[in-house]
Amino acid sequence: MKTAGEQALFCALNSIKDRITDTPDIALVLGSGLGAFANQLEDAYEIPYSQIEGFPVSTVTGHAGKYVIGKIGSKRVIAMQGRVHYYEGYSMEQVVMPIRIIKLLGADTLILTNAAGGISYEFKQGTLMMITDHITSFVPSPLIGANMESLGTRFPDMSQVYDLKLQQILKDSAVRCGIDLKQGTYLQTTGPNYETPAEIRMYRTLGADAVGMSTACEAMIAKHMGMRIAGVSCITNLASGMSEEPLNHEEVKATADRIAKEFEALIREFILSID
């Protein structure tokens with residue numbers, strides 16, 4: 001017998017799969033202020049989250065809340081133009097449902113993007129950081145509860161979440177685009193509040209280079225299902241205590257908008273280079 005979570009997942013899947021005309025090769029999650037990349041998809045069509053039965057709907061400004069399906073060159077891409085977050089009141093199982101659906105639709109490669117606060121002193125506003133590892137200890141695991149055996153093992157290995165071959169392709173793509181791509185470890189918190197200076201000092205001690213309120217749980221669930229994963233953070237602000245300015249979401253969106261062209265060039269080159 002299917003659990004309530006499985007029933008909700010497959011109900012949502014059944015309400016969308018007949019509207020997907022081609023099996024996607026690559027899935028892309030677009031974070032705060034980064035959703036405009038979806039406009040680059042050719043022969044594109046949209047499926048709003050609100051039209052998918054039982055699907056969680058994004059409530060955050062800057063997250064359009066829809067799947068956009070199309071092509072980049074010969075690559076078939078399904079993009080999430082906006083995601084849902086744990087802090088919006090959804091369960092972690094609901095937060096990762098869109099990623100599970102992407103996998104069940106046929107995509108085997110996942111590119112995660114986000115807007116993040118910079119913890120590393122090497123970063124400044126507008127830095128792009130390739131995610132090489134993450135820390136999820138500050139949010140509940142999306143794998144808690146009955147395991148969906150059809151999707152993955154009960155105790156998945158997380159020793160290499162972010163695919164090394166994809167990391168090299170991403171670094172090479174950045175060189176071709178003339179982008180100084182940094183790399184580091186991303187830490188996810190629950191949000192929606194920003195962190196205190198003391199928390200940022202703790203996160204830095206733990207080895208985190210950037211902090212945000214999404215992404216790592218999505219990477220965990222994708223790894224559970226055997227997907228290849230790459231991640232890019234747009235450092236939209238310095239983390240709490242690193243500058244004299246108070247943190248706010250408008251600053252996040254403004255910085256993301258400012259470097260949107262650079263980000264879009266990198267992601268496009270990366271997608272075209274994936275084999």
> Are Glu218 and Lys103 within salt-bridge range, i.e. N to O under 4.0 Å?
Replying inline: no
> Is a donor on one side and an acceptor on the other found under 3.5 Å between the side chain of Lys223 and the backbone of Gln160?
Replying inline: yes
> In the single-linkage hydrophobic clustering (I, L, V, M, F, W, Y; side-chain heavy atoms under 4.5 Å), do Met227 and Met158 co-cluster?
Replying inline: yes
>> Checking the side chain of Asp163 only, and the main-chain atoms of Ile229 only, is there a donor and an acceptor separated by less than 3.5 Å?
In response: no
> Do Thr189 and Tyr203 have side chains that get closer than 4.5 Å, going by heavy atoms?
Replying inline: yes
>> For Ile169 versus Ser273, what's the shortest heavy-atom pair and its separation?
In response: CG2-CB, 3.7 Å
> Are any non-hydrogen side-chain atoms of Leu41 and Ile69 less than 4.5 angstrom apart?
Replying inline: no
> Within a strict 4.5 Å, meaning less than it, do heavy atoms of the Cys217 and Thr136 side chains meet?
Replying inline: no
> Arg76 and side chain to side chain donor-acceptor pair (under 3.5 Å): which partner among Asp25, Asp43, Thr23?
Replying inline: Asp25
>> Taking side-chain contact (heavy atoms from CB on, under 4.5 Å) as the criterion, tell me which of Ile131, Leu30, Thr236 meets it with Asn114.
In response: Ile131
>> Looking at every heavy atom in both Glu264 and Ala36, which two are closest together, and how far apart are they?
In response: OE2-CB, 3.6 Å
>> Assess the residue pair Arg201 and Thr205 against the criterion (side chain to side chain contact (heavy atoms under 4.5 Å, CB included)); give the C-alpha distance rounded to whole Å, side-chain angles, the decisive distance to 0.1 Å, and a yes or no.
In response: CA-CA 6 Å; Arg201 292 194 298 271; Thr205 299; 5.5 Å; no
> Under the 3.5 angstrom rule, does the side chain of Glu53 hit a backbone N or O of Ala12 as a donor-acceptor pair?
Replying inline: no
> Is Leu181 reachable from Val175 through a run of I, L, V, M, F, W or Y residues, each pair having side-chain heavy atoms under 4.5 Å apart?
Replying inline: no
> How many angstroms lie between atom CD of Glu195 and atom CE of Met213, to the nearest 0.5 angstrom?
Replying inline: 5.5 Å
> Once the angle between the rings of Tyr49 and Phe55 is folded into 0 to 90°, is it parallel (under 30°), tilted (30 to 60°) or perpendicular (over 60°)?
Replying inline: tilted
>> For Pro140 versus Met92, what's the shortest heavy-atom pair and its separation?
In response: O-CE, 3.4 Å
> Is Ile111 close to Leu170 at the side-chain level, that is, under 4.5 Å between some pair of heavy atoms?
Replying inline: no
> Does the side chain of Lys71 come within less than 4.5 Å of Val77's, by heavy atoms?
Replying inline: no
> Does a salt bridge link Glu122 with Lys182, judged by any charged N lying under 4.0 Å from a carboxylate O?
Replying inline: no
>> Looking at every heavy atom in both Thr113 and Gly31, which two are closest together, and how far apart are they?
In response: OG1-N, 3.1 Å
>> With heavy-atom distances below 4.5 Å as the criterion, would you say the side chains of Lys165 and Asp275 are in contact?
In response: yes
>> Are Tyr67 and Gln81 packed together at the side-chain level, in the sense that at least one heavy-atom pair is separated by less than 4.5 angstrom?
In response: no
> Going by heavy atoms in the side chains, are Leu9 and Met148 under 4.5 Å from each other?
Replying inline: yes
> Closest heavy-atom contact between His134 and Tyr162?
Replying inline: ND1-OH, 2.8 Å
> If only atom types and distance count, is the side chain of Thr132 paired as donor or acceptor with the main-chain N or O of Gly184 below 3.5 Å?
Replying inline: yes
> Closest approach of Pro142 and Arg100, non-hydrogen atoms and distance?
Replying inline: O-NH2, 4.5 Å
> Quick one: does NZ or CZ of Arg19 land under 6.0 Å from the six-membered ring centre of Tyr45, within 45 degrees of the ring axis?
Replying inline: no
